[in-house]
There are 2 protein chains.
Amino acid sequence: MKTPTIQDVAQRAGVGVGTVSRVLNNHAAVKPTTRETVLKAIADLDYTPNPHARRIAGGKSYTISVLLPVLTTEFYARLLDGLETAFQEARYDVAIFPLLDRSRLERYLASHTLAYQADGLVMATYNLTKVFHERRLRTQQPTVLVDAHTDDADCSYMDNLAGGVLAGEYAATLPGGLYAIWVETELDQLFTTHVFEDRRTGFHQALAAAGRRVETEYTASFDTLAARNTAAALLDDVQRREGGLPCTVFASADLLAGALLDEARVRGLTPGQDVYIIGFDDQPWAAARGLTTLHQPVEAMGYEAAQLLLSRLGGYRGPARARRFQPHLVVRDSA
Amino acid sequence: MKTPTIQDVAQRAGVGVGTVSRVLNNHAAVKPTTRETVLKAIADLDYTPNPHARRIAGGKSYTISVLLPVLTTEFYARLLDGLETAFQEARYDVAIFPLLDRSRLERYLASHTLAYQADGLVMATYNLTKVFHERRLRTQQPTVLVDAHTDDADCSYMDNLAGGVLAGEYAATLPGGLYAIWVETELDQLFTTHVFEDRRTGFHQALAAAGRRVETEYTASFDTLAARNTAAALLDDVQRREGGLPCTVFASADLLAGALLDEARVRGLTPGQDVYIIGFDDQPWAAARGLTTLHQPVEAMGYEAAQLLLSRLGGYRGPARARRFQPHLVVRDSA
DNA sequence: TTGTAAGCGTTATCAC
DNA sequence: GTGATAACGCTTACAA
């Protein structure tokens, strides 16, 4: 019992394949009654059009490819959620191509593999300025960037600079010396992301405006253990210092803030009293642990990215558009 | 400048499309010289065959769909690595379909969407016994299960029972009372996974064989915060007890063991001296933190799953096969 | 409003 | 060995 084709549907409905195709694509005027008949035949046979055939026929495949990095963080799960929701509403299927490492990215960039055979492309996090500039993105499909931006393409991204400013403005109102922990970005050129750089710039801008300065800045790689060690080093320094407590720390990612929270509690310090801690991300556990942090509308960013792409697919031909999303401060016990 | 087709290649090489197709698919005998000419034309035009057309033409699309859950853990990153490596070697493209929630799984199960249009299907973690039994998997493509098993399908999975046995055998040799922390599985029927159940069964088997028993068993949900709280509760109980230390704890996932490591250090207890801790998973940080744990050959499991599928695609028609992978104990400072 | 037929880019089956 | 040519399942003119 093979899967039904458009022929089978046409036959069962007693119409031509053209008509079936028309109702499938909401084309022109099809007489309501015939439409009904066709729809019924489709339901009876449990027919679904073959996307490959659709694509081949010069039409659309109703398929979107999403290229994104490692995938092991909450952030991408949320991003995917936003993207999928929007595409699903528009009846597009989404396939994901995880770029596990640089060689994978190169591979996708270099060949016309499956990822490029979709109607549109979403690229996450990679700042492809260079790639676009060198015209190495060898595809004619509409492409949109999420969590990254370029002048040459539609993009939907988080305003990390504004987030840094919010953190700085709030930190300036808190007691004690100011400290900051940044994320070490070891990503190479291709994988460049301005995320943490932007947060830092914004933070410093706000402090400058408030006439304040940071005592010491620390850097940790994006990893629980490293974060914990950095947190310990920071608290060592602060506690060693005369009148070092209370102090205020901006940890530029919740992963960092969480480690600091742990380390502070171990030392018998109370967050929001001895150590004021501001995180960034608002991870799922942040509320439970009372972490003051910057919440990012990640799903919304993904959703909007999808909308930009869908508008291109719908025929929009205008210049590249940028959608910027604003993080907002969520004040909890830790600060 | 549109993408070149097989026609363009044929024309440039001065041969028929059939010949080009033959060299593309390593078919029959093509005269070495013509083969060269064709290959050159392909290179010149930077031609890549269109997978949709290939699929449509009744052939293969050289595409594999991988259906897997959330994606936010190291485990899946490693699994994907194994799968991708194998498929890439065989020149297959892989597309990922993340099943973010139950409704997504239902959707993929219920329709003939893109995921089903691939040459083969890999399903991770879901125990699809029921789905297979009810014939709800509406596809004729070869399917293989990873990190799960059924009698009805090829599968590649970890022998969690044996892992539990190893943990139990080793724990039985360690001093003090025995404790265990299990993972609470809140997944519903469709998402059933026997992983933690198996680890527990194996652990108890080994203890029984050694004539030992567990003092108390704890349960935590798979979440850092919950794990930490459970670890605290466990240590409270142990420390309250007369001669409670030293003791030995089997934490059935490294996430749990890590929390216990933290909590023990906070209390001034030395792992491997006051508290003997055995984890499960061998996460990347386990070595750095000196955690004794069970290492799983996850990449190998993925690689083998791919091989099973490839053999089906290569024409294998025999009965379902099962490949079981053995975890092994890695002894470090914590026990 | 609807049926017919010509593609779309491949593979596979023929003859030569 | 190799070149035509008929599928494959669909969309889209073009007629009717």
Side-chain angles (χ1 to χ4, degrees), chain A residues 2-39 41-42 45-63 93 112-114 116-119 140 313, chain B residues 2-39 41-42 45-63 91 93 112-114 116-119 140 313 315:
Chain A
K2 54 190 289 303
T3 41
T5 74
I6 199 172
Q7 298 280 358
D8 301 324
V9 176
Q11 194 165 355
R12 185 170 235 270
V15 300
V17 290
T19 306
V20 178
S21 178
R22 268 166 231 132
V23 344
L24 242 29
N25 298 286
N26 295 315
H27 261 321
V30 177
K31 185 161 50 163
T33 45
T34 35
R35 171 180 219 82
E36 283 311 313
T37 327
V38 172
L39 252 21
I42 289 177
L45 295 172
D46 195 19
Y47 163 81
T48 320
N50 179 326
H52 298 293
R54 288 184 131 175
R55 178 85 191 164
I56 261 303
K60 329 282 229 69
S61 63
Y62 293 94
T63 284
D93 256 331
H112 302 200
T113 48
L114 186 67
Y116 284 180
Q117 305 287 343
D119 295 345
Q140 290 85 45
L313 296 175
Chain B
K2 54 189 289 302
T3 41
T5 76
I6 198 173
Q7 298 282 358
D8 302 324
V9 177
Q11 193 165 353
R12 184 170 235 269
V15 300
V17 289
T19 304
V20 178
S21 181
R22 267 168 230 129
V23 343
L24 242 29
N25 299 283
N26 295 317
H27 260 321
V30 177
K31 184 162 50 164
T33 44
T34 34
R35 170 181 220 81
E36 284 310 314
T37 327
V38 172
L39 252 21
I42 288 178
L45 294 172
D46 193 20
Y47 163 80
T48 320
N50 180 327
H52 297 292
R54 288 184 130 176
R55 178 84 191 163
I56 259 305
K60 330 279 229 70
S61 63
Y62 295 93
T63 285
R91 329 218 77 229
D93 254 332
H112 301 202
T113 47
L114 186 66
Y116 284 1
Q117 305 288 342
D119 295 345
Q140 289 87 45
L313 296 175

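Lettering of chains follows the sequences in order, A, B, ..., and the numbering in each one begins at 1.
Rounded to whole Å, the distance from CD1 on A:Ile42 to P on D:dC10 is 10 Å. Rounded to whole Å, atom C1' of D:dA6 lies 15 Å from atom CD1 of B:Ile56. Between B:Lys31 atom NZ and D:dG1 atom P there is a gap of 8 Å when expressed in whole angstrom units. Regarding A:His52, its NE2 atom lies at a distance of 13 Å from the C1' atom of D:dC10, rounded to whole Å.
For the segment residues 7-14 of chain B, residues with any heavy atom less than 4.0 angstrom from an atom of DNA chain D are, sorted by number, B:Gly14.
Running 5' to 3' along DNA chain C, contacts with non-hydrogen atoms of chain A at under 4.0 Å begin and end at C:dT1 to C:dG9.
Although no hydrogens or angles enter the test, the distance criterion places no donor-acceptor pair under 3.5 Å between the side chain of B:Thr34 and the main chain of B:Val30. Although no hydrogens or angles enter the test, the distance criterion places a donor-acceptor pair under 3.5 Å between the side chain of A:Asp119 and the main chain of A:Ser61.
Between B:Leu313 and B:Lys60 there is a side-chain heavy-atom pair separated by less than 4.5 Å.
Axis orientation changes by 40° from one end of the helix from C:dT1-D:dA16 to C:dC16-D:dG1 to the other, with each end axis drawn from 5 pairs and the value rounded to 10°.
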Expected list for residues 6-23 of chain A: side-chain donor-acceptor pairs under 3.5 angstrom, two or more places apart:
residue: A:Asp8; atom: OD2; partner: A:Thr5; partner atom: N; Å: 2.8
residue: A:Arg12; atom: NH1; partner: A:Asp44; partner atom: OD2; Å: 2.7
residue: A:Ser21; atom: OG; partner: A:Asn25; partner atom: ND2; Å: 3.4

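Once rounded to the nearest 0.5 Å, the distance linking NE2 of B:His52 with OG1 of B:Thr63 reads 8.0 Å. Taken to the nearest 0.5 Å, the CG atom of A:Leu45 stands 11.0 Å off from the OG1 atom of A:Thr3.
Nucleic acid contact class of B:Tyr62 (heavy atoms, under 4.0 Å, all strands): none.
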Pair A:Ile42-A:Leu24, side-chain contact (heavy atoms from CB on, under 4.5 Å): steps then yes or no
CA-CA 10 Å; A:Ile42 289 177; A:Leu24 242 29; 3.6 Å; yes
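Within the structure, salt bridge (Lys or Arg N to Asp or Glu O under 4.0 Å) pairs that include any residue of residues 25-35 of chain B do not occur (at least two apart or interchain).
Taking B:Tyr62 as the reference, B:Tyr92 meet the ring pair (Phe, Tyr, Trp, His ring centres under 6.0 Å) condition, with sequence neighbours excluded.
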Distances under 3.5 Å only, N/O to N/O: pair up the protein atoms with those of nucleotides 12-15 of chain D.
residue: D:dT12; atom: OP2; partner: A:His27; partner atom: NE2; Å: 3.0
residue: D:dA13; atom: N6; partner: A:Arg22; partner atom: NH2; Å: 3.3

